[in-house]
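Residue numbers start from 1 in every chain, and the chains themselves are labelled A, B, ... in the order their sequence lines are given, proteins ahead of strands.
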Amino acid sequence: MSEVEYVRERWARLQKLRSSGVETLPYRFEITHTLEEIVELYGHEQDAGRLQTVWARLAGRVQSLRWHGKTTFCHIQGRQARLQVYARQDALGPEAYEAFTNLDLGDVIGVEGHLFRTKTGELTLAVQRWALLAKCWLPLPEPWHGLTDVEARYRRRYLDLIANPRVRSIFLRRSQIVRLIRQFLDSRGFIEVETPVLQPLYGGALARPFKTYHNVLEAELFLRIAPELYLKRLIVGNLERVYEVARNFRNEGVSTLHNPEFTMLELYQAYADYEDIMRLTEEMVAFLATELFGTLRITFQDQTIDLTPPWRRLPMLAGLMEVGGFTEEQLYDRAFLVARAAELGVPRAGDLSWGKLIAELFERLVQPTLVQPTFVTDFPVDISPLARRKRDDPRLVERFELFIGGLELGNAFSELNDPFDQKRRFEDQQRQRETGDVEAHPIDADYVLALMYGLPPTGGLGLGIDRLTMLFCDVTSIREVILFPLLRWVPVELPIPPELDRT
RNA sequence: GAGGCGGUAGCUCAGCGGUAGAGCACUGGCCUUUUAAGCCAGGGGUCGAGGGUUCAACCCCCUCCCGCCUCACCA
């Protein structure tokens, strides 16, 4: 049967229901409990007499229907809990009962009655009155296999959420993660702030931006690629500890690890350095695991990951020596690095700076081995234009990236607070841009001006919320943790029968 | 951007160069404690789109669209 015919059929049933006296499509329905509350309160209550006295008004989506002549069972589903509902002709009367048997899977109903337990012991509501709250005009995916077609799952995420409990649990967990992060940071004296998404000049990361246009100002604007430079202005402004749960936009490819818009926690703490931020990070992630799972040992892709702090610190150059087999001399031997990089398939290795060569080699040789939580520290200065130089080696910066389960989760520095050095670093980026590096950081004089008023020593962190959620939900595609991942637009044809397509 | 895989009923999937299939869902009937309810009967298809080869194409060929995976790009 075509979708149009389903709609037609259900339309006819709705008309029948309207004439049965059952309340139809009301503006509100007063509930006494959510389904979660009812199950929580009475799920273990065995006393039949006591259950009998519980009168409840509940609502949910009909997710199964079993009818047996003069009685009908169904389950209604809420956000997490579901409850069985039992309708009898003798309790409802012939009209309301007949209407109940004409429900469709997917309809949203409100029910009123008392609780009891069936023969098999299942907590159930015996309906006395009911109302149709919303009509489901189209058939739902079948309950047994759920919805598996990936494209359909992303384009119609609501169906995915209805049909696949695991998907629901991922997004509930994501919400919990963000809530716990706020709780953790608030308890440490951070304040949550909001900074511009529309920026006249983008910065704070090395990436290509989306461009847009303000009509009245007649000005080009960019969607932010990171909130970093605004948050650090706030540290200049004495706010001392700030964070933002920031949606960032990067005009880059889509993959299992990248969505053009994604969510990053950024935080800045005055008077701290990157060592402090490492401790903060491991404590925060350990807090999350403990609150979510009650343990610091989690499973990701069949590997057990131990989140117990302190985590391994691995200086980038040390990693190349240990895992990559480099000697200290080789690390500064440009010809050797170029040859090794070319060997590993790095394109245009000869054109890369020392820092980029080191980073490429590290990424290929060492990164895949990082399953247990690891802070990779001390990056080359030329790929880190916003990080402060290492106190005992000006070729490097005080920066770390966090890897867990092979995922790159975060990036942090001792923030560069010297306006003169910052200006030179921007100028260096500008030169890279002129040689064709489209991701080089643009010069932001307004930001340097802010630094001239004095940025205290500051530690900052960017933590990928999407990827952190992937880790905690044991999924390998970022689209599984983003409710509506970016897909190419396709036209939709509405299955509305022509005779119903009027006012 | 390159390569691989996929798109068949509302959903999950078979299928074969020769009349389009199953399970669930749907419709009608029976059934007052069922739960992947059961039993009986029935309806439902632009086989992603377009072109080509062929007596004949869901199937073979070409182009395109959409998606997934790997790689590249990308921190």
Practice task
State, without any angle test, whether A:Arg8 and A:Tyr6 hold a side-chain donor-acceptor pair at a distance under 3.5 Å.
Solution key: no
Practice task
Taking only the side-chain nitrogens and oxygens of A:Arg66, find out if one of them lies under 4.0 Å from OP1 or OP2 of B:rU34.
Solution key: no
Problem - Any side-chain heavy-atom pair of A:Val167 and A:Arg157 under 4.5 Å - result: yes
Problem - Short side-chain N/O contact to B:rU27 OP1/OP2 from A:Arg13, under 4.0 Å - result: yes
Completion exercise
A:Ser477 has its side chain closest, among B:rC73, B:rC69, B:rU32, to B:rC69
Practice task
Tell which nucleotide pairs with B:rA57, taking only Watson-Crick or G-U wobble pairs whose two distances are both under 3.5 angstrom.
Solution key: none
Completion exercise
In Watson-Crick or G-U wobble terms, with both distances under 3.5 Å, the base opposite B:rC26 is B:rG42
Can you check nucleotides 5-11 of chain B for protein contacts, nitrogen or oxygen pairs under 3.5 Å, and list what you find?
unit_1: B:rG10; atom_1: OP1; unit_2: A:Met1; atom_2: O; d: 2.9
unit_1: B:rC11; atom_1: O2'; unit_2: A:Gly146; atom_2: O; d: 3.0
unit_1: B:rC11; atom_1: O2; unit_2: A:Glu142; atom_2: OE2; d: 3.3

Completion exercise
Numerically ordered, the residues 76-101 of chain A set in heavy-atom contact under 4.0 Å with RNA chain B is A:Gln84, A:Tyr86, A:Arg88, A:Asp90
Exercise for the section: Considering just the side-chain nitrogens and oxygens of A:Arg479, establish if one lies under 4.0 Å of OP1 or OP2 belonging to B:rC68. Expected result: yes
Exercise for the section: Would you mind pulling out the nucleotide paired to B:rU63, Watson-Crick or G-U wobble, both distances under 3.5 Å? Expected result: B:rA49
Exercise for the section: Check each residue of residues 458-472 of chain A for a non-hydrogen atom within less than 4.0 Å of any atom in RNA chain B, then write out the ones that pass by number, or none. Expected result: none
Exercise for the section: Describe the nucleic acid contact of A:Leu159 in one word from base, sugar-phosphate, nothing, applying a heavy-atom distance below 4.0 Å. Expected result: nothing
Completion exercise
note: A:Trp67, atom CH2; B:rU27, atom C1'; distance rounded to Å ~ 10 Å
Fill in the blank from the handout: By the Watson-Crick or G-U definition, both distances under 3.5 Å, B:rG3 is matched with B:rC69
Exercise for the section: Respond yes when some side-chain nitrogen or oxygen of A:Arg488 is under 4.0 Å from OP1 or OP2 of B:rG67, and no when none is. Expected result: yes
Only pairs under 3.5 Å count here: list side-chain donor-acceptor contacts from residues 435-442 of chain A, not counting sequence neighbours, and write none if there are none.
unit_1: A:Thr435; atom_1: OG1; unit_2: A:Gln432; atom_2: O; d: 2.8
unit_1: A:Asp437; atom_1: OD1; unit_2: A:Glu439; atom_2: N; d: 3.0
unit_1: A:Asp437; atom_1: OD1; unit_2: A:Ala440; atom_2: N; d: 3.4
unit_1: A:Asp437; atom_1: OD2; unit_2: A:Lys356; atom_2: NZ; d: 2.8
unit_1: A:His441; atom_1: NE2; unit_2: A:Gly204; atom_2: N; d: 2.8

Exercise for the section: Give none if B:rA20 has no partner; otherwise give the nucleotide forming a Watson-Crick or G-U wobble pair with it, both distances under 3.5 Å. Expected result: none
Handout entry: No-hydrogen, no-angle side-chain donor-acceptor test under 3.5 Å, A:Tyr97 and A:Thr71
Key = no
Completion exercise
Of the listed B:rA25, B:rA37, B:rG67, the closest approach to the A:His68 side chain comes from B:rA37
Exercise for the section: Using a cut-off of 6.0 Å, state whether more than 12 heavy atoms not belonging to A:Arg66 lie near its atom CZ. Expected result: yes
Exercise for the section: Just jot down the salt bridge (Lys or Arg N to Asp or Glu O under 4.0 Å) partners of A:Arg155, sequence neighbours excluded, or say none. Expected result: A:Glu151
Handout entry: Sub-4.0 Å heavy-atom contacts from residues 35-64 of chain A onto RNA chain B, ordered by number
Key = none
